[in-house]
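None of these values were measured; they are calculated from a predicted model.
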Amino acid sequence: LSRVVDGEVEVIAELGGGPNGAAIGPNGFCYVCNNGGFQWTESPDGRLWPGFEPENYSSGRIEVVDLSTRRVEVLYTHCGGQPLRGPNDLVFDSDGGFWFTDHGKQRPREKDRTGVFYAKADGSHIEEVIFPMEGPNGIGLSPNEKELYIAETTTGRLWAYELVGPGRLKG
């Protein structure tokens, strides 16, 4: 995890795995979706693309980094007995909870079915609110927090869900 100040890059924490989406939480800490890493494939034009789960896969997780002390804590690795496979992106609501997607992992003959989660920033609560999805990726809230938006990579769809409160879908 790095920050740039006056054009200089400063490493805040070495997280390992595959840190991806990040957001500053209500307590000023940085929350990071860590997908555990990928095998990378280079295309003929030199671009790198994420591929299969790597041999050194270190699990999916939500991490929290204290930016002043640089302390890293793993906040969540599982939900309801199921491991997080490839957390991807997150967004905080005004109550201090956060929504996040789990994109999952692919292996040569199989891929994960994953979903969308709601969790508390203090580590006291996590639940899978939407399941199944096919590669949920980006996530956002409407300005009035009445709708949750989720981008599904595999299908190319953008979903909108009505909300009735923190972590709660309508209906």
Side-chain angles (χ1 to χ4, degrees), residues 1-4 11-38 50 53 57-68 70-80 82-106 112-155 157-170:
L1 178 66
S2 301
R3 69 175 150 207
V4 178
V11 175
I12 301 299
E14 296 284 348
L15 301 176
N20 200 15
I24 303 299
N27 52 14
F29 295 164
C30 185
Y31 289 75
V32 179
C33 286
N34 193 319
N35 63 37
F38 285 105
E53 178 180 292
Y57 174 65
S58 61
S59 85
R61 56 199 179 267
I62 302 296
E63 296 170 314
V64 60
V65 180
D66 181 327
L67 298 174
S68 60
R70 300 171 187 235
R71 183 178 61 86
V72 177
E73 177 185 347
V74 175
L75 196 61
Y76 297 107
T77 59
H78 289 75
C79 178
Q82 293 294 314
L84 300 177
R85 300 293 299 151
N88 186 274
D89 201 5
L90 73 158
V91 63
F92 277 91
D93 62 21
S94 60
D95 284 348
F98 62 98
W99 293 91
F100 72 94
T101 57
D102 187 336
H103 188 73
K105 291 292 185 190
Q106 291 188 34
D112 297 321
R113 296 193 72 198
T114 57
V116 176
F117 299 79
Y118 186 79
K120 292 192 176 181
D122 64 3
S124 66
H125 175 79
I126 182 174
E127 67 179 295
E128 188 172 47
V129 179
I130 303 169
F131 178 85
M133 293 197 87
E134 295 295 325
N137 193 334
I139 193 163
L141 284 169
S142 64
N144 65 5
E145 298 187 11
K146 299 281 185 190
E147 285 190 305
L148 177 70
Y149 305 108
I150 302 153
E152 221 177 27
T153 299
T154 309
T155 64
R157 293 182 176 140
L158 179 63
W159 296 94
Y161 292 87
E162 285 187 65
L163 300 176
V164 293
R168 295 186 18 235
L169 301 179
K170 183 178 181 180

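Expressed to the nearest 0.5 Å, how far OG1 of Thr155 lies from CD of Glu134 amounts to 7.5 Å. Note that CG of Leu163 is 7.0 Å distant from OG of Ser142, once rounded to the nearest 0.5 Å. Expressed to the nearest 0.5 Å, how far CZ of Arg157 lies from CD of Glu152 amounts to 6.5 Å. With rounding to the nearest 0.5 Å, the separation of CD1 in Ile24 from CZ in Phe29 is 10.5 Å. Rounded to the nearest 0.5 Å, atoms CZ (Arg61) and CG (Leu75) are 12.5 Å apart. To the nearest 0.5 Å, atoms CG (Leu84) and CD1 (Ile126) are separated by 5.0 Å.
Across all non-hydrogen atoms, the minimal contact from Gly167 to Trp99 is CA-CZ2, 3.4 Å. For Tyr76 against Lys120, the heavy-atom pair with the smallest separation is OH-O, 2.8 Å. Across all their heavy atoms, Val65 and Ala13 have their closest contact at CG1-CB, 4.2 Å. Closest of all the heavy-atom pairs between Tyr161 and Met133 is OH-CE, 4.1 Å. The shortest non-hydrogen separation linking Leu148 to Val116 is CD2-CG1, 4.4 Å. Closest of all the heavy-atom pairs between Ala119 and Phe100 is CB-CE2, 4.3 Å.
Asn34 places a side-chain N or O within donor-acceptor distance of the main-chain N or O of Gly18, the cut-off being under 3.5 Å. Side chain of Asn144 to main chain of Lys146: a donor-acceptor pair is present (N/O by atom type, distance under 3.5 Å, no hydrogens or angles). Distance alone, capped at 3.5 Å, places no donor-acceptor pair between the Asp93 side chain and the Phe98 backbone. Checking side-chain atoms of Glu128 against main-chain N and O of Gly80 turns up no donor-acceptor pair under 3.5 Å. Formation of a donor-acceptor pair under 3.5 Å by the Glu73 side chain with backbone atoms of Val64 is not found in this model. Not a single donor-acceptor pair under 3.5 Å links the side chain of Asn35 to the backbone N or O of Asn88.
In summary, Lys170 and Glu162 engage in a salt bridge, as defined by a charged side-chain N under 4.0 Å from a carboxylate O. For the pair Glu53 and Arg85, the salt-bridge criterion is met [side-chain N within less than 4.0 Å of a carboxylate O].
Side chain to side chain, Asn137 and Thr153 meet the donor-acceptor criterion of an N or O pair below 3.5 Å.
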Start with the C-alpha gap between Asp122 and Asn27, add the side-chain angles, then the distance that decides, and say whether side chain to side chain contact (heavy atoms under 4.5 Å, CB included) holds.
CA-CA 9 Å; Asp122 64 3; Asn27 52 14; over 6 Å; no
Apply the test side chain to side chain contact (heavy atoms under 4.5 Å, CB included) to residues Ile62 and Cys33: give CA-CA distance (whole Å), side-chain angles for both, the deciding distance (0.1 Å), then the verdict.
CA-CA 5 Å; Ile62 302 296; Cys33 286; 3.8 Å; yes
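Aromatic ring orientation, Tyr31 versus Phe92: perpendicular (interplanar angle above 60°, classes split at 30° and 60°).
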